Protein chains: 2
Amino acid sequence: MNPAVATVYIVDDDASVRRSLSRLVRQAGMDARDFASAEEYLLSREKPLQQPTCLVVDLQMPGLSGLDLQSELARRLNKRPVIFISGNADIPSTVRAMRQGAVTFLTKPFEPAELLRAIAEALEKCRKQIAADAGMNDIAARIGELTEREREVMSWVITGALNKQIAAELGIVERTVKVHRARVMEKMRVVSVAELVRLCDAVAFAPAVRPQPGS
Amino acid sequence: MNPAVATVYIVDDDASVRRSLSRLVRQAGMDARDFASAEEYLLSREKPLQQPTCLVVDLQMPGLSGLDLQSELARRLNKRPVIFISGNADIPSTVRAMRQGAVTFLTKPFEPAELLRAIAEALEKCRKQIAADAGMNDIAARIGELTEREREVMSWVITGALNKQIAAELGIVERTVKVHRARVMEKMRVVSVAELVRLCDAVAFAPAVRPQPGS
DNA sequence: GCCGCTGTTTCCCTAAGGTGCAATAGCGGA
DNA sequence: TCCGCTATTGCACCTTAGGGAAACAGCGGC
């Protein structure tokens with residue numbers, strides 16, 4: 001409902017924990033949604049990631065564990081930050097969780113403030129991710145507007161190649177390269193090669209043709 | 001002595017642990033150096049970081065703890081990967097260690113192979129860091145060769161500004177900008193603006209003059 | 001005071017980038 | 001078959017980038 005507000009997804013098999021955490025989160029002014037298992041969360045997935053969100057996941061759960069959920073999220077490229085909570089965790093699990101990018105790992109019992117602090121950090125991380133994704137998508141969309149030939153020309157332009165070199169490489173005349181190049185600059189909405197290079201590097205735009213492996 | 005070999009620094013207050021870990025490391029074909037305390041390691045510092053190295057640190061030690069050592073290393077910009085080992089660690093310490101970038105955290109007793117695997121990972125990470133640092137230093141050195149004016153002109157060039165715009169901005173004639181620009185390209189050893197942009201972005205070269213905060 | 005480095009400028013010329021206009025050609029869809 | 005998109009090219013013209021040659025000026029060091 002509230003589009004500007006953050007949402008915390010709580011995944012825990014213990015109903016009383018879900019209730020108390022939800023209450024805590026809501027009292028702090030955020031939305032809370034809870035799930036009784038990793039599977040339940042995975043089935044409910046709302047992919048977009050438009051709004052800052054994060055997960056608070058119990059380590060031990062019947063079925064998929066918290067670590068399994070984290071791995072699955074990574075596999076699905078779901079970049080929501082994860083906070084683990086656990087009553088009796090061991091070091092190896094903690095290490096694995098952190099290595100896989102968990103924001104933190106809290107052991108029950110913990111101070112409510114401690115969780116809220118972790119949530120704040122996770123949401124901030126998520127906001128940055130959203131902003132970064134938005135930028136990347138924007139650039140990718142522009143690249144998507146290019147024709148194959150234009151992409152090809154662009155891949156040469158961002159290496160600093162001269163029009164005549166590009167022309168020779170593609171077996172066409174320089175005038176044609178200029179036409180493609182102009183369209184690239186227009187569609188990518190840049191006015192200088194410097195900007196074009198930055199956009200392409202930001203999304204790791206790769207050539208396809210350039211790296212001549214043979215010769 | 002052996003310049004091509006990796007070295008593992010072992011920091012543990014227990015002499016028998018130091019002996020056994022050193023033996024393990026040497027048997028695996030790497031050099032080992034051990035220290036009885038964090039302080040001892042910090043005093044022995046050989047700064048360069050030319051060769052792949054990593055640290056294996058005990059969490060609990062008299063004086064500075066393993067975590068303290070890790071923090072101090074971070075403060076000193078010593079980027080050697082750290083592997084923690086501990087007999088009786090708790091989750092918060094593990095989380096803190098991992099958040100601060102530890103490669104992993106092993107609890108004693110652990111399989112020798114497990115430590116060797118972690119060391120291999122840490123050394124690989126170190127190699128990449130060394131390579132990245134070398135690249136950055138190389139670029140930074142070139143920027144260091146530039147005069148103030150040349151750096152100023154470069155900061156404008158990498159934004160895609162035209163010579164005439166730069167000239168107007170600096171209150172000089174276009175021909176002068178061309179002179180500086182040519183020296184920049186020469187000293188930075190690039191032949192295109194595209195390459196120059198990449199070098200500058202790689203080291204996060206910032207302007208100094210550009211972001212006019214006032215007006 | 002002379003020398004070297006840096007920054008600056010003027011005159012002039014070539015090469016490369018960028019555009020407008022016009023035309024040809026292949027291809028897939030209405 | 002005509003239309004629209006994409007790719008291509010030729011011609012002419014203007015703007016930028018890049019240099020060569022020569023010179024002047026401030027500054028710190030010998």
Side-chain angles (χ1 to χ4, degrees), chain A residues 139-201 205-210 212, chain B residues 139-201 205-210 212:
Chain A
I139 298 170
R142 295 184 203 176
I143 292 179
E145 291 173 13
L146 301 178
T147 65
E148 264 311 305
R149 201 54 154 171
E150 285 160 359
R151 260 188 290 276
E152 202 173 355
V153 169
M154 181 169 77
S155 74
W156 284 98
V157 170
I158 59 176
T159 66
L162 299 179
N163 287 341
K164 66 163 55 175
Q165 296 175 317
I166 301 174
E169 202 69 37
L170 301 182
I172 55 180
V173 171
E174 196 178 330
R175 183 66 183 85
T176 308
V177 173
K178 290 185 181 181
V179 172
H180 290 314
R181 187 168 180 154
R183 293 231 170 84
V184 167
M185 300 299 277
E186 183 194 338
K187 291 183 178 177
M188 295 300 288
R189 286 176 234 157
V190 294
V191 295
S192 69
V193 176
E195 297 170 78
L196 187 65
V197 168
R198 289 210 176 79
L199 290 195
C200 289
D201 283 5
F205 173 74
V209 224
R210 239 113 44 51
Q212 45 240 306
Chain B
I139 298 170
R142 294 183 203 176
I143 293 179
E145 292 174 13
L146 301 177
T147 65
E148 264 311 304
R149 202 51 154 173
E150 285 161 359
R151 260 189 289 279
E152 202 173 357
V153 168
M154 182 169 76
S155 74
W156 283 98
V157 170
I158 59 176
T159 66
L162 299 179
N163 287 341
K164 66 163 56 174
Q165 297 175 318
I166 301 174
E169 204 67 37
L170 302 183
I172 55 181
V173 171
E174 193 178 333
R175 185 65 183 85
T176 308
V177 174
K178 290 185 183 180
V179 173
H180 290 315
R181 186 170 181 153
R183 294 231 171 85
V184 167
M185 300 299 277
E186 183 195 338
K187 290 183 179 176
M188 295 299 288
R189 287 176 236 158
V190 293
V191 295
S192 68
V193 176
E195 297 170 78
L196 186 66
V197 168
R198 288 207 176 81
L199 290 195
C200 289
D201 283 6
F205 173 75
V209 223
R210 240 114 43 50
Q212 45 241 303

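Letters A, B, ... mirror the listed sequences (proteins, then strands); counts begin at 1. These figures come from a predicted structure and were not determined experimentally.
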Undergrad: Report yes if at least one side-chain N or O of B:N163 is closer than 4.0 Å to OP1 or OP2 of D:dA17; otherwise report no.
TA: yes
Undergrad: Once you round it to whole Å, what is the distance between P of C:dT6 and CG of B:L170?
TA: 18 Å
Undergrad: Nearest to the A:I172 side chain among D:dT8, C:dG7, D:dA17, which nucleotide is it?
TA: D:dT8
Undergrad: Here's a test of your reading of the structure: between B:A182 and A:R183, which maps to the more 5' nucleotide of DNA chain D?
TA: A:R183
Undergrad: Rounding to a whole Å, what distance do you find between A:I158:CD1 and C:dG17:P?
TA: 16 Å
Undergrad: Under 4.0 Å: is that the gap between some side-chain N or O of B:K164 and OP1 or OP2 of D:dT16?
TA: yes
Undergrad: Can you see which heavy atom on A:V184 is nearest to which on A:L146, and at what distance?
TA: CA-CD2, 4.1 Å
Undergrad: With heavy atoms under 4.0 Å as the rule, sort A:R175 into base, sugar-phosphate or nothing.
TA: base
Undergrad: What is the distance, to the nearest angstrom, from the CE atom on B:M154 to the P atom on C:dT6?
TA: 16 Å
Undergrad: Quick one: A:L196 CG to C:dG17 C1', roughly how many Å, whole number?
TA: 14 Å
Undergrad: Which comes earlier along DNA chain D counting from the 5' end, the contact point of B:E174 or that of A:E174, where each point is its nearest nucleotide?
TA: A:E174
Undergrad: Of the nucleotides D:dT9, C:dG7, D:dA17, which has the atom closest to the B:H180 side chain?
TA: C:dG7
Undergrad: Check every strand shown and say whether A:T147 touches a base, only sugar-phosphate, or nothing at a heavy-atom separation below 4.0 Å.
TA: sugar-phosphate
Undergrad: Within less than 4.0 Å of OP1 or OP2 of C:dT19, is there a side-chain N or O belonging to A:R181?
TA: no
Undergrad: Round to the nearest Å and state the distance from A:L146 atom CG to D:dA7 atom P.
TA: 10 Å
Undergrad: Taking only the side-chain heavy atoms of B:R149 (C-beta and beyond), determine which of C:dG18, D:dA17, C:dT8 contains the nearest atom.
TA: C:dT8
